[in-house]
Amino acid sequence: MEQRRVTDFFARRRPGPRIAPPKLACRTPSPAPCALDPATSGSRKRARPSAAPGRDQARPPARRRLRLSADAVSSPSSPEAPGSPAGPSLCQKIKTSAPAAGQPPHPAARRHQDTISELRSCLQRAQQLGERVRALKASAQDAGEPRTPEAEGSPAEPCGEKAPAYQRFHALAQPGPPGLVLPYKYQVLAEMFRSTDTIVGMLHNRSETPTFAKVQRGVQDMMHRCFEERNLGQIKTVYPASYRFRQERGVPTFKDGMKRSDYQLTIEPLLEQEGGGAAPKLTASHLLQRRQVFGQKLVELVKQHHRSFLASLNPPMVVPEDQLTRWHPRFNVDEVPDIEPAVLPQPPATEKVSTAQEVLARACSLMSPRMEKALRQLALRSAEPSSTRSPSLVSPKPALLATPPATPPAASPSALKGVPQDLLERVRAKEAQKQLAQMTRRPEQEQQLQRLERLPELARVLRSVFVSERKPALSMEVACARMVDSCCTAMSPGEMEKHLLLLAELLPDWLSLHRIRTDTYIKLDKTADLASVTARLVRQAHAEEGL
């Protein structure tokens with residue numbers, strides 16, 4: 001009896017590979033234990049259970065499934081009829097779920113009512129705002145105010161027409177000291193002229209007729225930009241003595257879409273005739289000279305706009321052209337208007353036949369009677385005879401300069417309310433004097449001013465170097481090396497020596513130079529007040545700046 005229970009226990013602990021044992025198999029005894037075979041009762045081997053459970057073995061419990069009751073299936077949110085196409089609406093649900101008399105409302109129905117009331121209030125608020133906007137628009141139109149693009153529903157400016165930032169602020173991003181910087185579009189035009197001059201020079205030197213088609217392809221390959229006849233007209237406006245433009249026929253072409261008999265725009269460089277009578281060549285020196293002339297003419301155009309801008313200031317300013325070294329701080333160089341292209345020669349107008357009636361009128365005597373009859377029938381069938389349209393060759397005279405850039409916005413009267421007029425005039429005169437000195441300052445003066453502005457900081461660094469070294473005098477080489485390591489501004493030892501020489505020149509009582517043999521030593525007065533020394537340097541810098 002004991003052996004049978006152990007065997008039954010191990011048989012239940014080791015079921016088939018695909019059947020999971022029940023969780024309570026160890027606790028629940030087998031209701032019908034299988035009898036042992038008498039042939040195998042004396043052996044120690046246990047009987048291996050079969051893969052499929054028999055009737056006498058306990059089956060594993062089936063997977064439990066959630067079964068809803070009938071009340072849960074027939075919920076209020078489900079449609080009444082199983083075959084109905086759609087369920088009740090939200091209002092019907094609220095009506096059906098409305099509480100009876102004397103009963104508190106259901107929480108779900110109360111939430112639905114709150115949501116509907118909020119939606120109604122938002123809708124009323126939106127309608128009120130819309131009526132208010134329409135009233136404001138109507139009042140603005142009645143008052144005669146110009147409609148803004150935002151009010152009309154269109155954007156203020158198309159996204160494709162707005163220039164990128166590297167073009168609109170090109171002058172501000174130029175490296176080096178500020179000067180007479182050209183606008184970005186003028187620099188692009190100068191580069192186009194250089195490329196055009198190079199291509200035209202190559203064709204002209206090998207006695208080949210330079211046409212616009214050849215030059216256009218070469219310039220676009222060099223600049224990776226679109227080069228059109230408009231750009232050629234701008235070059236003619238800036239430098240009219242550079243090329244001679246003509247429309248010629250019979251120029252050999254290598255393009256499939258162009259015939260030799262077609263008119264082509266030719267570009268001939270204007271050069272001085274040489275003494276030997278030979279054809280002049282466009283050499284590298286000529287190219288460089290023409291490029292410099294073109295750049296100077298572009299600067300002259302910008303100067304004319306700058307002169308108009310200075311005349312529109314309050315008070316107006318007049319700067320001599322030969323003393324101008326930089327533009328006015330408020331003059332936006334990149335907003336200078338484009339150069340109007342000059343008129344280029346156009347091919348002569350040729351009368352073209354476009355209808356059957358014109359063909360019949362012009363070649364009546366040259367055709368056979370059969371062809372004449374066919375053309376007459378075709379002319380009668382045409383409903384709307386079109387008239388000959390001759391291209392208009394008259395174009396307006398180009399203006400060299402467009403309207404000057406907009407004047408800077410003046411200060412609003414509300415911001416200057418209560419300020420005396422004489423004080424405003426003095427401030428404006430002082431600001432104009434400062435700007436005039438800034439625009440006429442030479443590069444040497446600009447470099448001197450930059451050194452003067454660095455001297456207060458260098459004076460403090462130099463005193464700290466003497467204090468840390470604990471020596472009454474230092475050689476120029478050692479002092480420059482220590483200050484280069486300690487100064488915030490990156491400078492070379494040679495540039496630092498120039499600053500120290502300028503500092504000794506301005507403050508000989510504080511910093512003195514002593515030349516001994518081949519070396520130069522500097523000596524510093526450590527007892528002097530550093531604040532008074534820096535104040536003197538600041539006053540010197542202000543005086544040099546012209547304040």
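Worth knowing before you read on, the calculation uses all heavy atoms, side chains too, and leaves out hydrogens, waters and symmetry mates.
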Between CG of Leu458 and SG of Cys487, what distance do you get to the nearest 0.5 Å? 5.0 Å

Quick one: sort the His306 and Phe331 rings into parallel, tilted or perpendicular, breaks at 30° and 60°. perpendicular

So do the side chains of Leu462 and Ile522 get within less than 4.5 Å of each other, counting heavy atoms only? yes

Got Leu511 and Leu506 here, is their nearest side-chain heavy-atom distance under 4.5 Å? no

Within the 4.5 Å heavy-atom criterion, are Met439 and Thr325 side-chain neighbours or not? no

Under the criterion side-chain contact (heavy atoms from CB on, under 4.5 Å), which of Met223, Arg225, Gln220 is the partner of Ser195? Met223

Atom pair CD/CG of Gln247 and Asp262 - distance to nearest 0.5 Å: 10.5 Å

How about His514 and Tyr521: are their ring centres within less than 6.0 Å of each other? no

Side chain of Lys303, backbone of Leu180: donor and acceptor closer than 3.5 Å? no

Do the side chain of Gln264 and the main chain of Thr211 share a donor and acceptor less than 3.5 angstrom apart? no

Identify the heavy atoms of Pro183 and Val333 that sit nearest to each other, and give their distance. CG-O, 3.3 Å

Gln289, CD: over 12 other non-hydrogen atoms inside 6.0 angstrom: no

Closest non-hydrogen contact found for Pro315 with Arg428 is CD-CB, 3.7 Å

Show the numbers, then the answer: is there a side chain to side chain contact (heavy atoms under 4.5 Å, CB included) between Arg290 and Leu282? CA-CA 10 Å; Arg290 289 160 63 92; Leu282 197 58; 4.0 Å; yes

Separation between CG (Leu271) and OH (Tyr243), nearest 0.5 Å, reads 9.5 Å

Taking Asn205 for its side chain and Met202 for its backbone only, find out whether a donor-acceptor pair lies under 3.5 Å. no

Sorted by first residue and then second, give each salt bridge (Lys or Arg N to Asp or Glu O under 4.0 Å) pair with at least one member in residues 487-502; sequence neighbours left out. Arg451-Glu495

Under the criterion side chain to side chain contact (heavy atoms under 4.5 Å, CB included), I'd like the reasoning laid out for Met192 against Phe227: C-alpha separation, chi angles, the key distance, then a yes or no. CA-CA 8 Å; Met192 286 183 177; Phe227 183 71; 3.9 Å; yes

Shortest non-hydrogen separation from Leu513 to Ala504 and the atoms involved: CG-CB, 3.9 Å

Report yes or no: is the cationic atom of Arg291 (NZ for Lys, CZ for Arg) under 6.0 Å from the centre of the six-membered ring of Tyr239, at an angle within 45° of the ring normal? no

One pair to check against salt bridge (charged side-chain N to carboxylate O under 4.0 Å, His left out): Arg206 and Glu208. What are the steps and the verdict? CA-CA 6 Å; Arg206 62 190 184 194; Glu208 185 177 348; 3.1 Å; yes

Could you tell me if the side chain of Ile199 sits less than 4.5 Å from the side chain of Pro210, heavy atoms only? no

Audit row: Trp510, Leu503, side chain to side chain contact (heavy atoms under 4.5 Å, CB included) steps and yes/no: CA-CA 9 Å; Trp510 184 67; Leu503 187 60; 3.9 Å; yes

Between the side chains of Glu431 and Gln435, does any donor sit under 3.5 Å from an acceptor? yes

Indicate yes or no for a side-chain donor-acceptor contact from Trp327 to the backbone of Val181 under 3.5 Å, with no hydrogens or angles considered. yes

Inter-residue atom distance Thr520.OG1 - Leu500.CG, 0.5 Å rounding: 11.0 Å

Going from CG on Asp519 to CE on Met476, what distance comes out if it is rounded to the nearest 0.5 angstrom? 10.5 Å

Does Glu248 pair with Arg246 as a salt bridge, N-O distance under 4.0 Å? yes

For a quick test of reading the model, state the closest non-hydrogen atom pair linking Arg463 to Leu524 and the distance between them. CA-CD2, 3.7 Å

Could you walk me through whether Arg194 and Glu191 pass salt bridge (charged side-chain N to carboxylate O under 4.0 Å, His left out), step by step? CA-CA 5 Å; Arg194 186 188 68 84; Glu191 189 67 18; 2.5 Å; yes

Using atom types as modelled and distance alone, determine if a side-chain donor or acceptor of Thr237 lies under 3.5 Å from a backbone N or O of Ala342. yes

Decide yes or no for Val238 and Phe193: does some side-chain heavy atom of the first lie under 4.5 Å from some side-chain heavy atom of the second? no

Is the backbone of Leu537 close enough, under 3.5 Å, to the side chain of His542 for a donor and an acceptor to pair up by distance? no

Donor-acceptor under 3.5 Å (Ser464 side chain, Val461 main chain): yes

Are more than 12 heavy atoms, taken from residues, nucleotides or ligands other than Gln167, located less than 6.0 Å from that residue's CD atom? yes

Taking all non-hydrogen atoms of both residues into account, name the closest pair between Leu344 and Leu232 and its distance. CD1-CB, 4.1 Å

Flag yes if more than 12 heavy atoms outside Arg132 fall under 6.0 Å of its CZ atom; otherwise flag no. no

Could you tell me if the side chain of Phe245 sits less than 4.5 Å from the side chain of Ile267, heavy atoms only? yes

Show your working on side-chain hydrogen bond (donor to acceptor under 3.5 Å, both in side chains) between Gln292 and Gln296 and close with a plain yes or no. CA-CA 6 Å; Gln292 292 175 355; Gln296 292 174 2; 5.5 Å; no

One pair to check against side chain to side chain contact (heavy atoms under 4.5 Å, CB included): Ile339 and Tyr186. What are the steps and the verdict? CA-CA 9 Å; Ile339 300 173; Tyr186 283 21; 3.6 Å; yes

Validation row: Val427, Lys430 side chains within 4.5 angstrom (heavy atoms): no

State, with a plain yes or no, whether a side-chain heavy atom of Val538 is found less than 4.5 Å away from one of Glu453. no

Give a yes or no answer on whether the side chain of Lys236 reaches the backbone of Val343 with a donor-acceptor pair at less than 3.5 Å. yes

Which atom pair, heavy atoms only, marks the closest approach of Leu474 to Ala479? CB-CB, 4.5 Å

Nearest 0.5 Å please: distance from the NE2 atom of His328 over to the CZ atom of Arg307. 15.5 Å

